Protein chains: 2
Amino acid sequence: MNTASTEREPRWLTYEEQRTWFAYVHATTLMEDHLDRQLQRDAGMPHLYYQLLVVLSAAPQRRLRMTELAMRTKITRSRLSHAVARLEKNGWVRREDCPSDKRGQFAVLTDGGFEMLSTCAPGHVAAVRQALFDRLSPEQQKSLGEIMEIITEGLQPAEAGADLPWLR
Amino acid sequence: MNTASTEREPRWLTYEEQRTWFAYVHATTLMEDHLDRQLQRDAGMPHLYYQLLVVLSAAPQRRLRMTELAMRTKITRSRLSHAVARLEKNGWVRREDCPSDKRGQFAVLTDGGFEMLSTCAPGHVAAVRQALFDRLSPEQQKSLGEIMEIITEGLQPAEAGADLPWLR
DNA sequence: CCCCAGTAGTTGAAGTCTCAATATTTGCTG
DNA sequence: CAGCAAATATTGAGACTTCAACTACTGGGG
């Protein structure tokens, strides 16, 4: 009933792997913190909330079903519910009923929300550049993208049934 | 009074950069979630708390000053205070006064804490392997380590005075 | 048509994190 | 050595996340 501890003798991380792993943990901790602060200061919301608005802004009609939005941002529906409630209070997002499915809700980016994005986007992009892209060579950027996509694939929704042997 | 938005005309992210950035955000979101769940289930604590114990276990005397522990794990002293308070309640960590500086406190890993680490380490390592190292080539692992170290350097404590022009 | 397992989304409580304020101590400076 | 800015660590309030219910609706099989 346990995915991992079924191992007979654990293969510990090598020195190099440990180094890499700590670097990963440190970098991601600092980065999230960095962006949260930058956006909290400039936009009055954490990074995740900003992401939600970005994803909505790119969607047709600037709207998405809650579940779809949750999947695209890799968060739980519950977390999204709370987040949208807050964004709604701020006036950046509005909820709308789904005509074809009475259970469904759309999260819709408001004009105010869009405007706010326009205002804050330059600062956010600059922060990302300064922390990430400005410091990496083109090869490293390419490599980073590939690696992160591999990780994502491995943890994705497939997650649900990932430990079922007959599904790869 | 604003670090980023001093830019005259923002350099938006290219298509490739966006792709990389989203991959980064998705992968790190999923990874943190994955490890938090795994450790919450097996060790009854979030990933950060587990990291604190790991770092303590590697320190001489299995103890560190609060500030030192906070710096090594890249979190604020405040966050650490709360975390240690919780870990203390669980009996994994104990606080001790610092003799040479009456303001100081040591966080000390207890025997119970150490034992718990021993028990949970295999499962945790397995989770990290399965999500990360098992999926990457040796070259990718090396590259990932380098990239993450670069990011860390850029965001590090130097952070505090990073936007002062006369310090690089 | 009814049943019912499954899906969409929300809710509340408990746990965690942030931010600003606080208490205490240090060590430099005059 | 008195005064004070800086450092150590903690605290509480409010914001955010998680987890486990819970409501409401859907869609397919008897």
Side-chain angles (χ1 to χ4, degrees), chain A residues 28-30 32-41 43-52 63-90 93-108 157 160-161, chain B residues 28-30 32-41 43-52 63-90 93-108 157 160-161:
Chain A
T28 54
T29 302
L30 288 169
E32 191 55 17
D33 207 54
H34 182 60
L35 294 180
D36 271 344
R37 274 183 220 293
Q38 187 263 318
L39 284 168
Q40 194 68 56
R41 173 167 56 78
M45 68 182 109
H47 183 209
L48 169 69
Y49 289 36
Y50 186 86
Q51 285 177 65
L52 294 173
R63 77 187 51 212
L64 284 173
R65 287 286 295 270
M66 294 297 278
T67 296
E68 178 68 15
L69 182 51
M71 287 193 308
R72 292 205 195 182
T73 47
K74 271 68 184 163
I75 64 175
T76 61
R77 286 194 295 280
S78 170
R79 190 177 178 186
L80 179 61
S81 262
H82 289 296
V84 167
R86 199 271 222 187
L87 290 171
E88 205 171 16
K89 228 176 272 175
N90 286 255
V93 166
R94 169 174 29 99
R95 280 185 230 242
E96 273 183 29
D97 293 340
C98 174
S100 61
D101 184 340
K102 281 173 192 164
R103 296 167 303 179
Q105 288 278 102
F106 281 102
V108 188
Chain B
T28 54
T29 302
L30 289 169
E32 191 54 16
D33 207 55
H34 183 60
L35 293 180
D36 272 344
R37 274 183 221 290
Q38 187 263 320
L39 284 168
Q40 194 69 55
R41 173 167 57 76
M45 68 182 108
H47 183 209
L48 169 68
Y49 290 34
Y50 185 87
Q51 285 177 66
L52 294 174
R63 77 186 50 213
L64 283 174
R65 285 285 296 271
M66 294 296 278
T67 295
E68 178 68 16
L69 182 51
M71 287 195 307
R72 291 203 196 183
T73 47
K74 270 69 184 161
I75 64 173
T76 62
R77 286 193 295 282
S78 171
R79 189 177 178 185
L80 179 60
S81 262
H82 288 296
V84 167
R86 199 271 222 186
L87 289 171
E88 206 172 15
K89 229 176 270 174
N90 286 254
V93 165
R94 167 173 29 97
R95 278 185 231 243
E96 274 182 28
D97 292 341
C98 174
S100 60
D101 185 339
K102 283 174 190 162
R103 294 167 304 181
Q105 288 278 103
F106 282 102
V108 188

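Because the structure is predicted, anything quoted here is derived from the model rather than measured.
Separating the CG atom of A:Leu35 from the P atom of C:dT18 is a distance of 13 Å, rounded to the nearest angstrom. The interatomic distance linking A:Arg77 (CZ) with C:dG12 (C1') rounds to 18 Å, in whole Å. The CZ-C1' distance, from A:Arg41 to C:dC19, rounds to 15 Å in whole Å. For the pair A:Arg63 CZ and C:dG9 C1', the interatomic distance rounds to 18 Å; values are reported in whole Å. Rounding to whole angstrom units, CD1 of residue B:Ile75 and C1' of C:dC17 are separated by 10 Å.
Taking both residues in full, the closest heavy atoms of A:Ala83 and A:Leu52 are given as CB-CD1, 3.7 Å, listed atom of the first, atom of the second, then distance. Residues A:Leu69 and A:Ala107 come closest through the heavy atom pair CD2-CB, 4.0 Å. Annotation for B:Phe106 and B:Asp97: closest pair CD1-O, 4.0 Å, computed over non-hydrogen atoms.
Partners of A:Arg65 according to the side chain to side chain donor-acceptor pair (under 3.5 Å) rule, which considers only residues two or more places apart in sequence or in another chain, do not exist here. Evaluation of the side chain to side chain donor-acceptor pair (under 3.5 Å) rule for A:Arg103 yields A:Asp101 as partners, not counting sequence neighbours. For A:Arg86, there are no salt bridge (Lys or Arg N to Asp or Glu O under 4.0 Å) partners, not counting sequence neighbours.
At distances below 3.5 Å, not a single donor-acceptor pair connects side-chain atoms of B:Asp36 with backbone N or O atoms of B:Pro46.
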Pair B:Thr29, A:Thr73 - check side-chain contact (heavy atoms from CB on, under 4.5 Å), show working. CA-CA 9 Å; B:Thr29 302; A:Thr73 47; over 6 Å; no

What's the verdict on side-chain contact (heavy atoms from CB on, under 4.5 Å) for A:Met45 and A:Asn90, showing C-alpha distance, side-chain angles and the deciding distance? CA-CA 10 Å; A:Met45 68 182 109; A:Asn90 286 255; over 6 Å; no

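At a cut-off of 3.5 angstrom, the base of C:dC19 holds no donor-acceptor pair with the side chain of B:Thr76.
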What nitrogen or oxygen pairs link the protein and nucleotides 13-16 of chain C at under 3.5 Å?
unit_1 : atom_1 : unit_2  : atom_2 : d
C:dT16 : OP1    : B:Arg86 : NE     : 3.1
C:dT16 : OP1    : B:Arg86 : NH2    : 2.8
C:dT16 : OP2    : B:Arg86 : NE     : 3.2

Please tabulate, one pair per line, each protein N/O and nucleotide N/O from nucleotides 1-6 of chain C that are separated by under 3.5 Å, including the distance.
unit_1 : atom_1 : unit_2   : atom_2 : d
C:dG6  : N2     : A:Arg103 : NH1    : 2.9

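Counting any heavy atom pair closer than 4.0 Å across all strands shown, B:Asp33 reaches sugar-phosphate atoms only and no base atom.
Between B:Ser78 and B:Asp101, the residue whose closest nucleotide on DNA chain C is further toward the 5' end is B:Ser78.
Taking CG of A:Asp33 as the reference point, atom NZ of B:Lys74 lies at 12.0 Å (rounded to 0.5 Å). Rounded to the nearest 0.5 angstrom, A:Arg94 CZ and A:Arg63 CZ are separated by 6.5 Å.
Closest to the B:Lys102 side chain, of the nucleotides C:dA20, C:dA8, C:dT25, is C:dT25.
First and last contacts of DNA chain D with chain A, using any nucleotide atom under 4.0 Å from a protein heavy atom and ordered 5' to 3', fall at D:dC16 to D:dT26.
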